[in-house]
Protein chains: 4
Amino acid sequence: MKSTDGVQYRRPRADSERNRSEILSQAEKHFTDHGVNASLETVARSAGVGSATLYRHFPTRDALLAELLQRRNVRIDEERARIKTVADSGVALEQWLDALESYFTAFDGLPEPLRNAFVEEHNPLALTCEGFVDYTEEFLSAAQRDGKASPTARGRDLFLAALAVSWVRDAALSDHSSPRRLRGLIANGYTRVSAAERS
Amino acid sequence: MKSTDGVQYRRPRADSERNRSEILSQAEKHFTDHGVNASLETVARSAGVGSATLYRHFPTRDALLAELLQRRNVRIDEERARIKTVADSGVALEQWLDALESYFTAFDGLPEPLRNAFVEEHNPLALTCEGFVDYTEEFLSAAQRDGKASPTARGRDLFLAALAVSWVRDAALSDHSSPRRLRGLIANGYTRVSAAERS
Amino acid sequence: MKSTDGVQYRRPRADSERNRSEILSQAEKHFTDHGVNASLETVARSAGVGSATLYRHFPTRDALLAELLQRRNVRIDEERARIKTVADSGVALEQWLDALESYFTAFDGLPEPLRNAFVEEHNPLALTCEGFVDYTEEFLSAAQRDGKASPTARGRDLFLAALAVSWVRDAALSDHSSPRRLRGLIANGYTRVSAAERS
Amino acid sequence: MKSTDGVQYRRPRADSERNRSEILSQAEKHFTDHGVNASLETVARSAGVGSATLYRHFPTRDALLAELLQRRNVRIDEERARIKTVADSGVALEQWLDALESYFTAFDGLPEPLRNAFVEEHNPLALTCEGFVDYTEEFLSAAQRDGKASPTARGRDLFLAALAVSWVRDAALSDHSSPRRLRGLIANGYTRVSAAERS
DNA sequence: CATGAATGAGGGTTCATTCAT
DNA sequence: GATGAATGAACCCTCATTCAT
């Protein structure tokens with residue numbers, strides 16, 4: 001009963017795509033509202049699928065997260081293209097780090113899994129991280145060539161720094177200046193005393 | 001100390017202290033082995049008490065953590081006393097930040113609750129944070145007086161910076177250089193180009 | 001019934017049914033032995049399932065209770081059908097109230113949750129109560145039509161009365177006559193003095 | 001020791017009395033606010049004593065309850081004296097039952113322990129129950145002598161009936177008429193059809 | 001494959017009763 | 001005797017992950 005043999009509707013495929021898409025959409029919503037640790041169960045329910053279905057599509061939370069971020073990459077890619085046109089390589093680097101930080105605050109708690117992925121081999125988010133490290137490296141190199149950045153700095157360091165700043169920002173709801181100030185420290189260091197001050 | 005004089009009334013407690021102490025001891029062990037999110041249930045079992053007893057002594061995980069840290073404060077207080085004798089205030093500040101970072105790696109995942117406590121009013125860990133901010137402020141002030149630190153820096157910024165570095169270190173098992181490098185960035189900034197380099 | 005026709009997909013469940021059934025069976029046992037406040041934890045253990053499974057099937061004790069009673073409804077429905085054939089509507093009403101009281105003593109302490117459900121909107125037992133009120137109303141109406149019952153009585157009153165009698169019976173282990181006598185009071189009132197007595 | 005010789009401060013007694021009194025006072029408050037199943041722990045805390053102290057004074061919840069009721073007995077005794085002066089013994093009985101029901105609603109959930117005490121031998125509340133049964137018996141006997149009450153009724157039956165009505169009232173927050181109607185049933189029975197109706 | 005349900009562990013909490021002092 | 005704390009059981013609930021179908 002209920003669909004007798006003969007023609008096979010091949011529903012699976014269609015359903016599958018629809019499910020996957022609905023899961024992503026709901027995950028986006030829940031992660032935005034409740035952070036990256038939102039209940040996957042709830043996400044599945046909202047998407048109208050069983051938890052096992054979610055699990056099949058995205059074996060880990062990070063896999064789901066990776067997909068969500070992938071979709072956002074379009075935006076930051078555009079931003080990156082724009083920054084590339086900035087004449088001053090030092091300013092460009094700065095703007096790129098800004099862009100990174102904005103990206104990292106897409107969901108509450110996002111820095112955490114990214115940090116973990118950074119050191120885990122087979123993490124679905126690792127690719128995302130590596131991409132960002134590469135891009136950072138590019139902007140950094142340009143700045144270094146122009147004497148706008150310390151030659152000892154590395155792309156991965158600045159990536160981690162941006163991540164750390166975002167991590168601080170994650171909790172500093174009541175303290176908007178802290179992330180900005182940490183950002184300043186990373187740019188200029190706390191040991192630097194301006195010429196005016198030194199006098 | 002427990003009073004040896006003649007009549008002794010008001011015996012403080014007895015097995016209460018024993019239990020409390022045993023709980024702390026087991027918590028220390030489990031937190032050390034499995035990070036700050038180790039199962040409290042297991043801690044209680046290891047200490048030979050029911051979960052209700054643990055709950056009575058430490059209503060939240062953070063309360064337990066606060067006690068554990070309290071015990072470590074002796075160590076860092078000694079360290080702080082030592083650092084205070086360092087002649088160069090810039091070096092002293094550096095060493096203090098080192099000490100902080102060591103402290104923050106006492107347990108895996110410790111930076112997280114500390115960061116949260118930093119912005120939560122009624123968190124048992126808040127006091128710990130505030131104390132550290134104050135101490136950092138002292139070392140920083142001295143360095144600023146001597147022109148060894150930027151006058152715009154604040155104690156709380158450096159505290160958060162140390163926390164952030166420890167957070168990075170938390171995951172960077174395979175990458176020992178990253179925290180050190182992040183530390184360097186915070187000290188000197190990535191925009192500083194040494195005179196030698198500039199030439 | 002479970003469909004025996006040719007191809008059968010959408011097998012309803014399998015171990016789900018088994019678990020549910022086992023839970024109900026064990027609950028029946030434990031509630032019978034220890035009253036409606038028996039430990040649900042124990043019920044779950046006896047049924048060989050985790051408490052979460054029990055929770056999934058029956059989110060509250062009342063939900064579980066409602067199911068157990070549902071199963072008994074077959075019996076009382078049969079009884080009701082039988083009583084409907086009784087010629088004397090006054091006798092029928094009496095027998096129905098007897099049946100109700102028997103039903104209410106299925107488990108020790110049952111009257112309590114039923115009473116509560118009676119005034120709570122979203123209680124799983126509320127439906128059960130309402131059903132009984134309706135049936136009582138039917139028997140009562142018939143009796144009233146035949147002048148065998150006071151026209152001012154309402155079904156819900158008699159339902160509550162039966163519940164109250166059962167509540168008394170719940171504790172009156174050593175005093176078998178009390179419930180019967182209370183029953184008599186409700187039927188005839190304590191102010192009625194028979195003609196013989198009046199003479 | 002502590003308080004040497006001579007005059008013995010006999011603090012124990014004084015403290016004990018004060019504690020006992022404070023416990024009763026707080027129990028009254030909490031039972032009034034949250035019913036007879038209010039947390040004894042909380043009562044003890046409110047009274048400024050340890051739970052063990054409460055336990056020593058009142059080994060069971062019922063013992064505590066019995067004391068609280070004892071204090072209220074003054075009131076109902078006065079009421080009883082007043083009712084005794086009522087000329088019509090039927091009216092007097094009615095008023096006494098009213099008084100009983102008021103008494104039973106002193107605390108939410110009071111009917112339950114009273115019912116239990118009624119059949120338990122060594123329950124501190126048993127005396128209270130017995131007293132009430134006796135008083136009810138007196139009023140009932142008078143009414144029976146005057147042909148105002150059925151000679152087959154017994155004091156204990158009416159006592160239980162009043163208890164049952166109060167039990168119903170305990171939950172019938174949203175349904176004020178139910179207890180009154182149940183009361184009516186017990187007085188007149190549902191089988192009585194008035195002469196006017198019979199015609 | 002998709003799925004609903006099961007699972008097991010943990011969390012936080014409350015409480016009546018009993019111990020150690 | 002009075003006390004603060006311990007105890008152990010229970011409750012309700014949540015979740016990530018894994019089965020059975």
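Residue numbers start from 1 in every chain, and the chains themselves are labelled A, B, ... in the order their sequence lines are given, proteins ahead of strands.
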Do NZ/NE/NH1/NH2 and the carboxylate oxygens of B:E17 and B:R20 come within less than 4.0 Å?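 No, this pair does not count.
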Not counting sequence neighbours, which residues clear ring-ring contact (aromatic ring centres under 6.0 Å, His included) with C:F58? List them please.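 In terms of ring-ring contact (aromatic ring centres under 6.0 Å, His included), with neighbours along the sequence ignored, C:F58 is linked to no residue.
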Just to verify, what does A:Y55 make a ring-ring contact (aromatic ring centres under 6.0 Å, His included) with, not counting sequence neighbours?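 A:Y55 satisfies ring-ring contact (aromatic ring centres under 6.0 Å, His included) with no other residue.
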To the nearest Å, give me how far apart [atom1] ([X]) and [atom2] ([N]) are.
{"X": "A:R18", "N": "E:dC1", "atom1": "CZ", "atom2": "P", "answer": "17 Å"}
{"X": "A:E22", "N": "E:dA2", "atom1": "CD", "atom2": "P", "answer": "15 Å"}
{"X": "B:R20", "N": "F:dT7", "atom1": "CZ", "atom2": "C1'", "answer": "18 Å"}
{"X": "C:R45", "N": "E:dT7", "atom1": "CZ", "atom2": "P", "answer": "15 Å"}
{"X": "C:D15", "N": "E:dT3", "atom1": "CG", "atom2": "P", "answer": "18 Å"}

Pairs touching residues 23-42 of chain D that satisfy ring-ring contact (aromatic ring centres under 6.0 Å, His included), sequence neighbours left out: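 ring-ring contact (aromatic ring centres under 6.0 Å, His included) check on residues 23-42 of chain D returns D:F31-D:F107.
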Who are the salt bridge (charged side-chain N to carboxylate O under 4.0 Å, His left out) partners of [X], not counting sequence neighbours?
{"X": "B:E22", "result": "none"}
{"X": "A:R72", "result": "A:E28"}
{"X": "A:R56", "result": "none"}

With a cut-off of less than 4.0 Å, is there a side-chain N or O of A:N19 near OP1 or OP2 of E:dT3?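 Indeed, a polar side-chain atom of A:N19 lies that close.
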Under a 4.0 Å heavy-atom cut-off, which of residues 47-70 of chain D touch DNA chain E?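 Correct list: D:S51, D:A52, D:Y55, D:R61.
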Looking at residues at least two apart in the chain, or sitting in another chain, which of them share a side chain to side chain contact (heavy atoms under 4.5 Å, CB included) with B:R18?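 Testing B:R18 for side chain to side chain contact (heavy atoms under 4.5 Å, CB included), a comparison that skips the adjacent residues, returns B:D15.
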My understanding is that only residues two or more places apart in sequence, or in another chain, count here; which of them pass side chain to side chain contact (heavy atoms under 4.5 Å, CB included) with C:S21?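 Here no residue qualifies.
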Of all of residues 32-43 of chain B, which get a heavy atom below 4.0 angstrom from DNA chain F, listed by number?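 DNA chain F contact set from residues 32-43 of chain B: none.
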Which stems does DNA chain E form, counting runs of 3 or more consecutive Watson-Crick or G-U wobble pairs with both distances under 3.5 Å?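 Listed by first number, the stems are E:2-21 with F:2-21.
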Please tabulate, for the side chains in residues 59-66 of chain A, all donor-acceptor contacts under 3.5 angstrom to protein atoms that are two or more places apart in sequence or on a different chain.
residue : atom : partner : partner atom : Å
A:T60   : OG1  : A:D62   : N            : 3.3
A:T60   : OG1  : A:A63   : N            : 3.0
A:R61   : NH1  : A:V36   : O            : 2.8
A:R61   : NH1  : A:A38   : O            : 2.8
A:R61   : NH2  : A:A38   : O            : 3.4
A:D62   : OD2  : A:N123  : ND2          : 3.0

I want to check something: taking the side chain as every heavy atom from C-beta on, are C:E112 and C:D170 in contact at a cut-off of under 4.5 Å?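 Answer no - side chains too far apart.
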